[in-house]
Amino acid sequence: MALIVQKFGGTSVKDTGRIKNVASRVGKYRLRGDQVVTVVSAMGGVTDNLIKLASEINPLPSEREMDMLLATGEQTTIALLAMALHSLDLPAVSLTGAQAGIVTDGVHSKAKIRNITPKQVHTMLDEGNVVIVAGFQGQTSDGRITTLGRGGSDLTAIALASALKADLCQIYTDVDGVYTADPRIVLDARKLDEISYDEMLEMAATGAKVMQSRSVEFAKKFNVKFEVRSSLNNNPGTIVTEETDSMEAVVIRGVALDKNQAKVTLVGVPDQPGMAARVFSSLAKAAINIDMIVQNISHGTATPATDLSFTVDKSDLAKAQKVIGELQADVKFAEAIADEDIAKVSVVGVGMRTHSGVAAKVFEMLGENGINIEMISTSEIKISVVVEGAKGEEATRALHTAFLGEET
Ligand code: ADP
Ligand code: ASP
Ligand code: MG
């Protein structure tokens, strides 16, 4: 008998037919004697719809109420899945994140898990139930409902697998596993049999939304090996695990595209010590994550000034603009320009640690394809570039062909 945590994402539960399909898959494991904890997302499109509803009422809604609203999406699915299992004569109970013992900090919309005390989960498993837990949500120690960031049901599953010391953690989605690039954009992308935590983390953080990046961070920290696989067939998926020596032989594991970033440029920031600190500490205080930062060389001699550009998630742009607007009197920059028409393309691979020339090849390929680079950032195992939004997919395909195409 094994203890298995299985997570089903929005597309896997997008209608009642798919929910019944999930119930029979879960049921098979339960009937062979395994203990099953099932984490589910909101039905496909529901979270986006709830966000839209809120924006029609108030463009900057209260974060507490937003989390209260978004948590309802997952709550619908857990009850429906429990009913579907009951129809198959299988005992099942649903639990909200709070009932499953998931305690978070108080940062609404991107709360971090502080601890998990899954007492009720254990009790209900011991009574023979399939335990269905609402993904993406938790509760603060003073009883406020929080959510864990978009795609956060992945984190619920990984964190529960760790807290329950599960034998197996499976992330079911609508593709066969993790590919060398989004298979919807790069048609000849290949499914990977395995990928290291670090590579998966960089891919996820740079836009491969097949896994939420914070969930991979958690998996790495607590060494939770997991499998990404399809809820629509029985094909073997991708194992995400610790790095092995042989992984470094491959220079580039994958290419990722992120269309959800926006660029903010502060024009004419006085070129004096402490200015950047003021800007970024104000943004940090508002819990806005900054990804790339570029500062141009000074221009003008009498009062030297610089242009400072940075990127944020599109969902944080309105909040970032508000913070920046409030800073203008203090920092005295000339104007702030927001550009939502950007795309970030990244190549990722642990092999970059031991192979040189990757950056040069990235720039060459983009140049040959007439794609202009607006920003660049690198880490030990990643190179990211920001390009014009409309060129994002073309750049992704060009880099995939260059580094991962058949002939390479
Ligand atoms: P779920 O609803 O199951 O959480 P998501 O929509 O969040 O699923 O993630 C699955 C999607 O991620 C796929 O449909 C695919 O288009 C996209 N994706 C992006 N990059 C990759 C990649 N490298 N490998 C696999 N899928 C990817
Ligand atoms: N429903 C949430 C979202 O759409 C969480 C998830 O699907 O994992 O982001
Ligand atoms: Mg997802």
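Counting starts at 1 for both ligands and their atoms, in listed order. Note: hydrogens, waters and symmetry copies are ignored here, and every other heavy atom, side chains too, is used. As the structure is a prediction and not an experimental result, all values here were calculated from the model.
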Fill in the blank from the handout: Looking at Asp182, Val178, Thr173, the heavy atom closest to atom 20 (N) of ligand 1 belongs to Asp182
Completion exercise
Closest heavy-atom approach to atom 9 (O) of ligand 2 among Glu74, Lys7, Arg150, Met43 is made by Arg150
Any non-hydrogen atom of [X] lying under 4.0 Å from ligand 2?
{"X": "Gly73", "result": "no"}
{"X": "Gly151", "result": "yes"}
{"X": "Gln212", "result": "no"}

Would [X] count as a contact residue for ligand 1, given that I'm defining contact as a non-hydrogen atom of the residue lying under 4.0 Å from a ligand atom?
{"X": "Gln212", "result": "no"}
{"X": "Gly151", "result": "no"}
{"X": "Gly207", "result": "no"}
{"X": "Ala181", "result": "yes"}

Practice task
Classify the side-chain pair Gln137/Glu74 by whether it contains a donor and acceptor separated by less than 3.5 Å.
Solution key: no
Problem - Donor on one side chain, acceptor on other, Asp142 and Thr140, under 3.5 Å - result: yes
Handout entry: N/O separation below 3.5 Å, Arg184 to ligand 1
Key = yes
Problem - For Lys7, the ligand 1 atoms whose distance to one of its heavy atoms is below 4.0 Å - result: 4 (O)
Exercise for the section: Check Ala111 against Thr146 and note the closest heavy-atom contact, atom names and distance. Expected result: CB-CB, 3.7 Å
Practice task
Taking all non-hydrogen atoms of both residues into account, name the closest pair between Lys7 and Ser41 and its distance.
Solution key: CE-OG, 3.8 Å
Problem - Region of Arg150 engaging ligand 1 - heavy atom pairs below 4.0 Å - result: neither
Exercise for the section: Record the part of Lys209 in heavy-atom contact with ligand 1 below 4.0 Å; permitted values are side chain, backbone, both and neither. Expected result: both
Fill in the blank from the handout: Looking only at protein heavy atoms, what sits closest to atom 7 (O) of ligand 2 is Ser41 OG, 3.1 Å
Handout entry: Protein contact to atom 2 (O) of ligand 1 [nearest heavy atom, distance to 0.1 Å]
Key = Gly10 N, 3.0 Å
